[in-house]
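A quick write-up on the structure given underneath.
Hydrogens, waters and symmetry mates play no part in the numbers below; they use all other heavy atoms, side chains included.
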Amino acid sequence: LSSVPLQMLLYINGVYYIFYFLATLAMIVYKSQVFSYPDDFLAPDLVLLFMMAILEVLQLYLGSKGNLTEEEAPLGLSLAATVGSVLLSVYFLVWQTYVLRADVIISAVLLFTHGLEAALKVIAIAAFVS
Amino acid sequence: VAKLCVCDLLVAQCDVNCCCDPDCSAAEFSLFTTCSVPVVTGDSNLCSQKAAVYSLDVEADPPERIFELTDQVNPSVFCIHATNYEQALSFSSPEIPTSENFDQLLEQFGSAAFSAEPHSWNMNPDAQHPSDANETYRYEYGAPVQTVDAFLRLPSPVVSSWCSDVNPAGFLVNQATKCTRSVSVETCGSIPAVSMGFYINSSILAVKFVFQVNITVQSIVVQSLNGTRTLLNGSDVLRLPRILDELCINTVFRVSYHITYTDAGEIIEAAAAFVLGAINKEALSIQQSFEISFTQVDTTPVPLSGNPGYVVGLPIRAGFRPQGYPFPGEMLFAALVLNTNQYNQLTILQSTSSQDCLAAQGARTPVLFGYNMISGCKLRITAATKCQPLTQTLLDVLKGQSFPEYVASFGNSQAQDVLDWVPITHLYTSEERIYNTFQSSCQIPVSLEIEVKWTKYGSLVNPQARIVNVTATISTTTLKQLPSGRERTIPVTSSVVFTDISSPAEPGYKAWPTINVKLPFDFFFPFV
């Protein structure tokens, strides 16, 4: 049986991630205008943000598909993508060039939802395997 | 943050109303009214940073300064929580060009526009404490020269003409100051600033905190009450002021420091030359003069008077052809003896207050380019003066001891380039027409007129002055025999005149372009 909490979380995560992506992009633009943000540091931040977007889309789609069709394989791939997403959100929390307080807040929330998602996916995989 | 203080402007002295000044004691804090710098913080964009807060507690008696180191929090949601980019919040020190990286820097910054950041950051500046950067011990231009106790002092007049002893000498800043100091015979032993020891006691630190260089005494000149100066032979002895016959002798009238430095910014030698004098009972104050000059090691600076053309106001350079070269027409000149001592250049008589030619003691002033000068003195002749010695004396007075033979045509003429040097032409004229040449009379020179003709040379936009011709004309007059017992005063004058003989410039333009068009041979084919 599909896991309803997981589906809800995936939906909320999708919406929140759109907000997160736009907010982080806007703050990078703000930082590059207000502070000294050389190209050597700006490029990695933008690249990682877009990679994170791709990983998120992948993870949400695969997770949702796996949950609804009750198959483990897409859920497993989605879990792997979630790990990558977690790493990237840790990067945006701690290792970014400029970490503003707003960055800290939204990245922490994203990290929390990812953690919760990962736990629920593991439970769902366990449920589908058995 | 606790060490930064913007209002601490005076070295080793307390600034008024500057609560963060480390040189102030508690007693001085009690005299302040407000704090001119209440808060010193780091970058306010950070979410939390250290702040040093200075305030005056006026309730307490006496008022005290309160210093707190607090954490200031920025409430905005866009404050910087952390940065992983070290140079984010401070100005970056640009790379100092050396011979290795000059080409790379020129390539990067040599064009009209360049990107804001260079390729590599190989410096790690300490953004919080720029003042105690440990990497430079060497002196920089203008930095106070440090000695063991404080800094090398060059007393100078501050507001009025009285001496203030807290003026530090700046590195590579050649200065000369004169100031008045109040002394009297009774107190001359107790005032430190009139004794030699005050100026050579503390040794100079060669690099800022490490080696010491002792100040050696270069020469001591003793000046007597009537102004005569004698150079002392042994200058190792420290002569302290003492009272002798109601005079206080060995008081310092003039100190000249000569400091030798290397190009790494270190001081390797320091010497001081003193003029000591005597003060008598009536004197209430003396005028002291101080001078400091810096020379680089292993160089002998030759001051140029222009590069290449003469600059108005700089002395004319002159020299002699060394003996042994009797062929003036040949181009095989040896190097002309360049006189770096200013009193051996082209000089004219300097008028003195006593106006007596014989008492002038050879006072001469150098001829400055572009400044027409006239000077003179009076000569007293009695019946007993003989013609020939008088002529010789007057020639000495007018021309000086070593009148040069050649004058440099450009301000930077080198001694090796003989064609750059203009010979001085001498002319002799007589003031009175001698109708009767058979009457032997004594002709004495009474005036020397040097006429320097110069022209403008070079481009129209930036013409350079070049001396073309120098003529020294000596006019003589007849000395009439005086009846015995009478005396006469004759005026003796010398003058320098600069004449501009440049011809009006004609700009040379390129030829107007012409249209060189020829129609081809068969242009009007069917008709021709």
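Counting heavy-atom neighbours within 6.0 Å of B:F67 CZ, excluding the residue itself, gives a total above 12. Within a 6.0 Å radius of CG in A:L1, other residues, nucleotides and ligands contribute 12 heavy atoms or fewer. Heavy atoms from other residues, nucleotides or ligands lying under 6.0 Å from OH of A:Y61 number 12 at most.
Of all heavy-atom pairs spanning B:V77 and A:R101, the tightest one is O-CB, 3.2 Å.
Of all the listed residues (B:A82, B:S76, B:C47), the one sharing the greatest number of non-hydrogen pairs under 4.5 Å with chain A is B:A82.
Here B:F78 contributes atom CZ and A:K31 contributes atom NZ; the two are 10.5 Å apart, rounded to the nearest 0.5 Å. Residue A:F35 holds its CZ atom at 4.0 Å from CG of B:N45, rounded to the nearest 0.5 Å.
A donor-acceptor pair is defined here as one N or O able to donate and one able to accept, closer than 3.5 Å; such a pair exists between the side chain of B:N84 and the backbone of A:V94.
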Self-check item: Full working for side-chain contact (heavy atoms from CB on, under 4.5 Å) between A:L100 and B:I80
Solution: CA-CA 4 Å; A:L100 305 183; B:I80 298 180; 3.8 Å; yes
